A.B. asks: 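A single structure is presented below for examination.
Order of appearance sets the numbers: ligands from 1, and atoms from 1 within every ligand. All values reported here derive from a predicted model rather than from experimental measurement.
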Amino acid sequence: MKKKIYLDYAATTPVSSEVFKVMKPYFFQDYGNPSEPHLWGQKARFALDKARQKMADFLGAKPQEIIFTSGATEAINLAHKGVVEAMFQQSAKNKEYRTKGKLPHIITSQIEHKAVLETCKHLEKLNWAKVTYLPVDKDGLVDLRVLEKAIRPETVLVSVMYVNNEVGTIQPIEEMTQLLKAISSQLKAKIYFHTDAAAVAEYLTLDVKKLGVDLMTLGSHKFGGPKGVGILYLKKLTQIDPLTFGGHHERGLWPGTEAVPLIVGMAEALRQAQGELTDTNKRVSRLKDKLIKGVLEKIPETILTGHPEKRLADMASFCFKGAEGEAILLRLDAEGIAASSGSACTSGTLQPSHVLLAMGIPAEIAHGSIRFSLGRETTEEEIDYVLEKLPKIIKEIREMAPKL
Ligand SMILES: *Cc1c(COP(=O)(O)O)cnc(C)c1O
């Protein structure tokens, strides 16, 4: 039988049978609308409240600080656009406001997910905000001194991802918080800090008190929950405006009937992910190290992309010189192995990844990028199989490629 090896957990993860089991009743029996006062509605409301409390507990937050959304992308849009719109309201009311005569300023990094980058570009296009896109070093890290220099009196939001989803580099979020706190108090103006934590729930702490962020976004399907649901963590007193309008659900920030089954599933998935953090890290990290070591030993002219140590436990990302990423993916697929050429949002366009380019990797090398992202179900045999097949695939593609 042909092997089927899924090594694309950073793109999406399967829902576990336990998660599915807790969701199921809310499709079939307790399907009420949580805004209705009858028994069906009350059962759904109770489930929703319980899920919100459960998620808040794992994030070290208060339940009212959790806003359910339709996914990470939507939560990210809401966070960025919401902060800028709220600033507009304030400066309209208060002429002495610090952005008077100047547009609100956002600082982000060049290696963010497209959900952040495209939202920022849209805000620039609307002429609602100025945006600074911070460079990163060769390992994908944002330099704190560069961040500090970019801050202006009208900076209202800093948005840096917790972990990069293409190369796995972990940013020093807590240090950034300390820096922003110090500068905020000098400037006597609050600078909100958002982190895109979509890629991390199975591997790193999401304790918002420890991280010190004001806004944080998560998407359920990256940590064993269903697709189509996510959250925005919004610290008390953080002012944002909604993207969409309707009822008063989710404090008016996400109007619409809540996706009760999906939310219940997401809360259970987060419990599993955060509850098994140490164990998952240990197991996945060992297999990831084995894969990286094996690939670098067996395949010449290969670059490990991302930070050598400060990287998420599941990420093994490479550039193979003289071999095209899409061609490698097709050959891997033919062997039953699912990987990615970086990000589902950039692959298909044949543009080299903006993340790799920002890390200073030349375009012709960035074209040969492959990301293996491991998961809780990954086995040693699967890694052995990849290490058996991949060297041959790369060799053959290189031999076929026209010599320049
Ligand atoms: C997947 C991902 C997103 C977008 O999540 P969706 O579930 O597709 O909305 C945003 N940021 C990062 C880092 C991601 O990995």
A.B. asks: Is it the case that the side chains of Thr12 and Lys222 hold a donor-acceptor pair, with the cut-off being a distance below 3.5 Å and no angle test?
C.D. replies: no
A.B. asks: Looking only at side chains, do Glu74 and Trp254 share a donor and an acceptor under 3.5 Å apart?
C.D. replies: yes
A.B. asks: Lys222 to ligand 1: N or O pair under 3.5 Å?
C.D. replies: yes
A.B. asks: First locate atom CD1 of Ile328, then atom OG of Ser341, and finally report the distance between them rounded to the nearest 0.5 Å.
C.D. replies: 9.5 Å
A.B. asks: Considering non-hydrogen atoms of the protein only, which is the closest contact for atom 6 (P) of ligand 1, and what is the distance?
C.D. replies: Thr73 OG1, 3.5 Å
A.B. asks: Against heavy atoms of His221, which atoms of ligand 1 measure under 4.0 Å?
C.D. replies: 6 (P), 7 (O), 8 (O)
A.B. asks: Has Gly219 got any heavy atom lying under 4.0 angstrom from an atom of ligand 1?
C.D. replies: no
A.B. asks: Please write down residue, atom name and distance for the protein heavy atom closest to atom 5 (O) of ligand 1.
C.D. replies: Ala72 CB, 3.3 Å
A.B. asks: Under a 4.0 angstrom heavy-atom cut-off, which atoms of ligand 1 come close to Met161?
C.D. replies: 13 (C)
A.B. asks: I need the His194 NE2 to Thr108 OG1 distance, nearest 0.5 Å.
C.D. replies: 9.0 Å
A.B. asks: Are Gln53 and Asp57 close enough that a side-chain donor and a side-chain acceptor fall under 3.5 Å?
C.D. replies: yes
A.B. asks: Tell me, which protein residue and heavy-atom name are nearest atom 3 (C) of ligand 1, and how many Å apart are they?
C.D. replies: His113 NE2, 3.5 Å
A.B. asks: Please list the nearest protein heavy atom to atom 11 (N) of ligand 1 with its residue and the distance rounded to 0.1 Å.
C.D. replies: Asp196 OD2, 2.7 Å
A.B. asks: Are side-chain N/O atoms of Asn77 and Thr119 paired as donor and acceptor at under 3.5 Å?
C.D. replies: yes
